[in-house]
Every structure is written in C-alpha cells, then in structure tokens.
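Here is how names work: the chains are called A, B, and so on, in the same order as the sequence lines, proteins then strands, and each is numbered from 1.
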Number of protein chains: 2
Amino acid sequence: MARVLLIEDDPNVRDALALALKGREHEVESAASGEEGLERLARFAADVVVLDLMLPGIDGFEVCRRIRAAASTSIVMLSARGDDFDVVGGLEAGADDYVVKPVRPQVLEARIRAVLRRTDGVPSPVESYGALCVDRASLTVSRSGRQVALPPMELRLLLYLSAAPGQVFSRQQLLESVWEHDYLGDSRLVDACVQRLRAKIEDVPAQPRYVQTVRGFGYRFGPV
Amino acid sequence: MARVLLIEDDPNVRDALALALKGREHEVESAASGEEGLERLARFAADVVVLDLMLPGIDGFEVCRRIRAAASTSIVMLSARGDDFDVVGGLEAGADDYVVKPVRPQVLEARIRAVLRRTDGVPSPVESYGALCVDRASLTVSRSGRQVALPPMELRLLLYLSAAPGQVFSRQQLLESVWEHDYLGDSRLVDACVQRLRAKIEDVPAQPRYVQTVRGFGYRFGPV
DNA sequence: GAGGCTATTACACGTTCATGACATGGCGCG
DNA sequence: CGCGCCATGTCATGAACGTGTAATAGCCTC
C-alpha cells in the first residue's frame, strides 16, 4: 500500500511494528539510528517515515529537520513522552503527526493512512518563494524563471533553511546540520557561505530578501 | 493566519478554543451543531474544520463525511473518547487528525498547523499577549500588527520573561539566565535593558502593560 | 522629608557582521 | 600523470550597531 521507513532503535518495538505494517501490505524498511535512517532514505523512496524520538546519535528532532530539508516525505513521530510540550515541539519541528507509545499497530496504521491521504494531492516537491523556486527532487534552483547553478554547500544550506521558512538557525546549528561539523568554536564559515549564496540568489545582496541575518542569533530564510 | 471553522456544541469549550485560536491570529467562525457547521462552511471558506464528534442532530462522523464529499477542507476531529477504536474510526471516516479532549489550545493549534502545512505554507508558531505577538521561531515581535525590530539582548529578555507570564524574576536571576553573567554585584544593567525594551513595545512606557516592575523584587511579564 | 529604589538619558567601547582577497584541496580533463 | 579550474574554508579590514556604564532625575515608602 505504502512505502514506510521505520526509524526506531528498540529492536522489539521495531520488529513488532514492521511485522504489523507488513501484514497490512505496506513495504517496510527499518533503521536503528538516525544516521542509518537518513542513509536508507536516500535510496529507499519512502512515502512516510515513522520516526522514534529517542535515538542514539543524532536525535529524532534533528533527523526530522534533515528529512524536511532534503525531501517532502511525510513524518509520523513516535515517542514515549506525551506531554503537551513534547507534542507541540515535535509538530513544530515539522512532523505531520505525533503518536505516543505504546501504540497499537491499527492506530499507527490509521494515522499513517491519514497522513498519506493528505499528501496525495500534493505531488510536487517544488517550493516557490516569491521569484525563487526550489525543486527538491531535481535539486535545482531558479530565480525569476532563470536557472541558478549552486555549488553543493550553498545548495545544502539553501535547502536546509528553506525547509523551515521563517525559523532562525544559529551558526552552530547550521555547522552541525548542514556541514556536519561537531567542533564547537567560532567560525565565520557560515557567514562566508551565506554571502556567496546571496550573491547568486538575491537581487540586492546587501538587502537580502531570502536569506536574512538576525543579528546576535543567526540566519533565517524569508519571510520578506 | 488560517481560517478555522469550529463545530462544537458545548459553549464553554467552543468559546475557550475560539478565543485561544483568535489570539494566535487565526480567523475563527463557530457553529453549535452539525447543520449549522455545514451551512457556515458553504459561505466561510475555511482552511480547516475543528469538529466535535458528540453533536446534537447529525453526528460528527456524518458531518465529516459530508464535508469530505463536498470540499477538500482539512478536518481535525475533537472527541472526549480516546479509545483506539474511536481513533481509528475517526481517521477512517476521513479526518486528518484526531484529538482527545481535554486539549490545551497550544496542542490543538500545533496540530492544526501540522495539517495545514501540507496544503499551505508554514505559518510559524506565535504567542500573543494582548496586542503583542511574539514569534519564537522567526524571532520576530509585532505590536498591533506592526513589526517591531528588537536588538538581541532586548529580544532575549522579552523571550525569557514572556515564557513565564506572571512570574517575577530578580535582576540577579535575569543576569544569570539572560545575560549569562555569573558575577554577583549590583548592576543597573537589567533596568536599562528593560527601559529600552519598554520604549519599543509599550504604548505608554511609563505605565507598562507587558514588562512590569515589582518594586524590591524585579520584573515580571504581564499579566495585562 | 529622608532614604532607598527605579526611570531616563547620553556616550564610548566592544562586538558582530559584510566584504573581498587569499590559500588549500579536490576533481576532471587533457 | 599533470595541469588548471572551481569550490571551500580562513583571514583581515572596516563599518554599523548594540551594549554596559555612569550620572541625573523621579518616585514610592516609611
């Protein structure tokens, strides 16, 4: 019925859910960590990702953001923590649904179906922001209809930022998520990349419309 | 931000939710029964319908099916019954999400956003206190609809205070938490920052509505 | 009315960011 | 195998902006 990627570190839960979903004619692929999940996703074109929050290595929220940056796959979060605070945080990180463990497979499946029903009508991963067009499938960017060639890092940065328009990211967050650097310390690397990106996508780089500076905090993609 | 049709027969719940959603800049229309809701929907082009299941007259499931038949509006079901059976049934009747009462407005709103994200752009989460709106994702503040630019420290102070409305913080606490200074000692630094902040967000800085002085103790955010 | 607490304003220093030049390194092409 | 280009990361400079401090004025409380 659907292609499901299950990211969950507990083998018992993972196997139980995988089995149940397969029994309902879904195609299921499993991963035990965030890293593994992201890697699988690159090759297994999932319709929906079922994502545990408590993962070894990079946590569920970060995995969620990275999935959002790269693809338009739907995400159902799965967590043992059901406080209002957690739920709101999860949904704001970009999840389509948030389910509290333990969960009966029937319920999980019903929620997956509800999420997919919503997605069906939205085929195009092309997002357009003003004159800027970002196509996450072909990884191309165009500005006022004319295609813009972006080097890898600038493209990754743009994808990441534009996946959450309006949200402010610190340089540190960007170094970790986009560059996958883990060292702490001051670096003007992000700044430099932002400048180069602006030179290519902004009409007036000195008054950026898309990639904006938030003094003292970091950068944000739009809104104007 | 979004147009919400709220179908709920209990006037208390209805008014509370309507008020909370309006406070977050949504446009809200209410209906007390299924018939009234369907009729409203014909004229009020809602982005999402929040639908109680226990309604007088035609029940929530039937309303859901009729909405689905007529329009592509998203539906968030609201019910006091949270059995797995009910949840699965609700989602299979065509709901996009199913929320169990009682629900905190923040959670309902986060779920509405998640549902809308699929069809619309991504509006960011907004806390609103009277005429003051604080958007914690994009780090923007607006007063009576007009955006206010705040320098980093003033913004951090406002974010910190408004995260716990009503609670009093001493200058020392603020120095530690907002400034991350650890030295003890008298400093009028917090005062100065508060003044600058007031000048920007208060209508009458001399009679502050949002950032209030508690003589001898410190400052507090609201209540209005 | 005195003392302590807070508001208000001004100014100079420090931080932060933009910008462009430069060094490094990988990759493809000859 | 070697050359050269392009992308990336680092650095130095300069400007803009915000911030902390201090000095003064106002207010509340006892």
Verify the contact: side-chain N or O of B:Trp179 to OP1 or OP2 of D:dG20, cut-off strictly under 4.0 Å; return yes or no.
yes
Atom CZ of B:Arg188 to atom P of C:dC5: distance rounded to whole Å?
9 Å
Report the distance from atom CZ of A:Arg156 to atom P of D:dG9, rounded to the nearest whole Å.
10 Å
Sub-3.5 Å donor-acceptor pair from the side chain of A:Gln195 to the main-chain atoms of A:Asp191, do we have one?
yes
Could you check which residues of residues 189-200 of chain A get a heavy atom under 4.0 Å from DNA chain C? Sort them by number, please.
A:Asp191, A:Gln195, A:Arg198
Between B:Tyr219 and B:Thr213: side-chain donor-acceptor atoms closer than 3.5 Å
no
Looking at B:Arg215, does any N or O in its side chain come under 4.0 Å of the phosphate oxygens OP1/OP2 on C:dT6?
no
Below the 4.0 Å mark, does D:dG9 have OP1 or OP2 next to a side-chain nitrogen or oxygen of A:Ser187?
no
To the nearest Å, give me how far apart CG (A:Leu174) and P (D:dG9) are.
13 Å
Between C1' of D:dC17 and CG of B:Leu150, the distance in whole Å:
14 Å
Residue-phosphate contact under 4.0 Å: B:Tyr219 side-chain N/O, C:dA7 OP1/OP2
yes
Pick out which of A:Val49, A:Asp59, A:Ile75 makes a side chain to side chain contact (heavy atoms under 4.5 Å, CB included) with A:Cys64.
A:Ile75
Here's one to test your reading of the geometry: is the NZ or CZ of B:Arg220 within 45 degrees of the ring axis of B:Phe169 and under 6.0 Å from its centre?
no
It should be established whether B:Thr213 places a side-chain nitrogen or oxygen under 4.0 Å from OP1 or OP2 of nucleotide C:dC5.
no
Separation of B:Leu108 CG from B:Arg113 CZ (nearest 0.5 Å):
11.0 Å
Find the distance B:Phe217:CZ to D:dC28:P and express it as a whole number of Å.
18 Å
Considering every strand and a 4.0 Å limit on heavy-atom distances, what is the contact class for B:Pro205: base, sugar-phosphate, or nothing?
nothing
Using whole Å, report how far CG of A:Leu157 lies from P of D:dA7.
16 Å
Nearest to the side chain of B:Arg171, heavy atoms from C-beta on, is which of D:dG9, C:dT6, D:dG20?
C:dT6
Under the 3.5 angstrom rule, does the side chain of B:Arg198 hit a backbone N or O of B:Tyr210 as a donor-acceptor pair?
no
Quick one: is the NZ or CZ of A:Arg3 closer than 6.0 Å to the six-membered ring centre of A:Phe44, and within 45° of its axis?
yes
